[in-house]
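Note that ligands are numbered from 1 as they come in the structure, with each ligand's atoms numbered from 1 the same way.
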Amino acid sequence: MQGKHITLAVTGAIAAYKAIHLLRLFREAGAEVQVIGTEHSLHFVGRETWEALSGRPPLFGLWETPDPSKIPHIMLGQEVDLVVVAPATANMLAKAACGIADDLVSTVLLAATAPVLFAPCMNTAMWEHPATRRNVETLAARPGIHFVQCAEGKLACGTEGKGRLAEPPTIFEMAEFLLTPKRPERFRWLITAGATREYIDPVRFLSNGSSGLMGRSIADAAWRLGGEVTLVTGPVADTTPRPYPVHTVTSAAEMATAVNEQVPLCDILVMSAAVADHAPVKSVAKQKKAGGDISLTLHSTPDILTGTIPLMRPDALRVGFAAETEDLIKNARGKRERKKLDLIVANLVSMELDPLGSQTNRVTLITADAQEELPLMPKRELGTLLAVKIHDMAARKRSR
Ligand code: C5P
């Protein structure tokens, strides 16, 4: 997103206010955004808001121009990396489908050579109208045109149904996807994330503080590279729908079953889940408060990574994580060899730095013949960096 140029076209729907959040997401991620809009959109959000948040005057008419030496509708659809229409009304979809160019937004869309992302928003009856259905179909079949599906829920008119504008983070995610150059190989990734829960009784469990953010960040980045991603996750607080299949499991045993089912098909396995190594022998009734101490008998859970060794193709890539409190490198090296990993991502856990559940992480990457220490960075950024490295390692392994 850093340094990318985006034309954000706002049309006249009540959800225009959500485009403010979208604009902020683009700007925070480092994109340069030129806001354009229809005259109708000005009834919902005024010029001043767009100007203040984008840092440049928004444009609403065919005769407005940011640079007199250039023709605005050509520049805004051709000299940018992406055009995002959010919210996109039924009217604008109809105009774009037919090639009508009677205002700035529709003229930019007709002239656009950059990819275009539509985020539709309208009343359910308008969305389901055969005319809109046909227009969406026509547009979706054109190269370079993409859609973020509208969501179901409460609509401004008081009814419930399909037609709500997708949430800004979902539109942002799709824009990020479209702006990421795709890799020629389309690998099948199986990624695990989060903590497992081992129940002591029907209400209590043993677990750890993993939020699943590291694994999810790798999965998101792998998807943006064009990978076919499946995520197996323990129960996590962030349940935002992902654009790839997600299987939620509870215990280590359930995670093992889900992984073993999927792993024979995968090209890349990334085991970033913080799996419990021991589980209590589950009692059926809730433990009563009895006063005094109690003891728990714990049995070992299956080591999922080790269990996948005979199930994977020899040219598939295996990646594991190691969280250690001491002798990080020595222990991680040993783990890499025992679990037959191509790469182990090692992170030190201390009182000062606990990567589980935090937003940042500092890791050392260890392969058979190299070791690379990375600086402390946000997990989202680390996920992107790791996905690219892992993809390239998988491509090299396959070509050997
Ligand atoms: O041996 P240790 O549990 O420290 O190894 C960590 C790595 O092994 C991580 O990649 C983790 O996801 C995986 N693991 C596993 N099955 C377990 C425990 C950990 O696959 N039961």
Side-chain angles (χ1 to χ4, degrees), residues 189-199 205-219 222 229-236 246-264 266 268-282 298-312 316-350 354-357 361 363-368 379 382-383 386-387 389-390 393-394:
W189 296 65
L190 177 60
I191 300 171
T192 67
T196 57
R197 285 182 186 175
E198 309 302 333
Y199 275 86
F205 54 81
L206 296 179
S207 190
N208 59 68
S210 169
S211 64
L213 178 60
M214 191 68 255
R216 230 170 20 252
S217 300
I218 299 172
V229 175
T230 300
L231 180 69
V232 175
T233 173
V236 288
V246 177
H247 302 274
T248 303
V249 295
T250 305
S251 63
E254 275 178 40
M255 187 172 275
T257 306
V259 167
N260 291 346
E261 251 170 40
Q262 312 262 349
V263 86
C266 82
I268 299 172
L269 170 66
V270 181
M271 259 315 280
S272 76
V275 185
D277 290 324
H278 296 94
V281 179
K282 188 177 163 186
L298 303 177
H299 63 82
S300 296
T301 56
D303 188 303
I304 305 172
L305 256 180
T306 307
T308 57
I309 297 171
L311 304 177
M312 289 179 73
L317 195 87
R318 296 169 51 77
V319 180
F321 275 67
E324 302 288 339
T325 50
E326 53 200 9
D327 287 336
L328 176 68
I329 302 303
K330 188 165 150 259
N331 285 333
R333 281 190 179 287
K335 219 169 263 187
R336 194 195 71 78
E337 276 168 31
R338 276 196 309 282
K339 300 190 187 215
K340 298 210 182 319
L341 302 172
D342 298 281
L343 166 70
I344 193 153
V345 182
N347 40 220
L348 196 63
V349 179
S350 65
D354 179 4
L356 290 184
N361 202 359
V363 300
T364 303
L365 308 182
I366 302 172
T367 59
K379 283 183 180 172
L382 180 58
L386 286 177
K389 277 189 187 284
I390 292 169
M393 278 183 78

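- Protein heavy atom nearest atom 19 (C) of ligand 1, with residue, atom name and distance: V275 CB, 3.9 Å.
- D342 places a side-chain N or O within donor-acceptor distance of the main-chain N or O of R318, the cut-off being under 3.5 Å.
- Residues S207 and T196 share a closest heavy-atom pair of OG-O, 2.8 Å.
- In terms of protein heavy-atom proximity, atom 13 (C) of ligand 1 is nearest to L305 CD1, 3.9 Å.
- Between A274 and ligand 1, no N or O atom pair is found at a separation short of 3.5 Å.
- The protein non-hydrogen atom at the shortest distance from atom 16 (N) of ligand 1 is I304 N, 3.0 Å.
- Atoms of ligand 1 found under 4.0 Å from any heavy atom of K335 (numbered from 1 in listed order, with element): 1 (O), 2 (P), 4 (O), 5 (O).
- The T301 neighbourhood of ligand 1 comprises atoms 21 (N), with distances under 4.0 Å to a heavy atom of that residue.
- Residue A273 holds the heavy atom nearest to atom 11 (C) of ligand 1 of all those in G320, A276, A346, A273.
- Taking 4.5 Å as the limit, every side-chain heavy atom of K339 sits out of range of all side-chain heavy atoms of I344.
- Here the protein heavy atom with the shortest distance to atom 10 (O) of ligand 1 is M271 O, 2.7 Å.
- T301 places a side-chain N or O within donor-acceptor distance of the main-chain N or O of A276, the cut-off being under 3.5 Å.
- Here the shortest heavy-atom pairing between V263 and M312 reads CG2-CG, 3.6 Å.
- Using modelled atom types, one side-chain atom of E198 and one backbone atom of A252 make a donor-acceptor pair closer than 3.5 Å.
- Two residues are said to be in side-chain contact when any heavy atoms from C-beta on lie closer than 4.5 Å; V345 and S272 fail this criterion.
- Taking only nitrogen or oxygen atoms, main chain and side chain alike, K339 reaches within less than 3.5 Å of ligand 1.
- Not a single N or O atom of A322, backbone or side chain, sits closer than 3.5 Å to an N or O atom of ligand 1.
- Ranking protein heavy atoms by distance to atom 18 (C) of ligand 1, first place goes to D277 OD1, 3.2 Å.
- Near P302, meaning under 4.0 Å from any of its heavy atoms, are these atoms of ligand 1: 16 (N), 17 (C), 21 (N).
- The protein atom (non-hydrogen) at minimum distance from atom 7 (C) of ligand 1 is F321 O, 3.0 Å.
- With a heavy-atom cut-off of 4.0 Å, T192 does not touch ligand 1 at all.
- A donor-acceptor pair under 3.5 Å is formed between the side chain of N208 and the backbone N or O of A274.
- Among all heavy-atom pairs drawn from L348 and E326, the shortest one is CD1-N, 4.4 Å.
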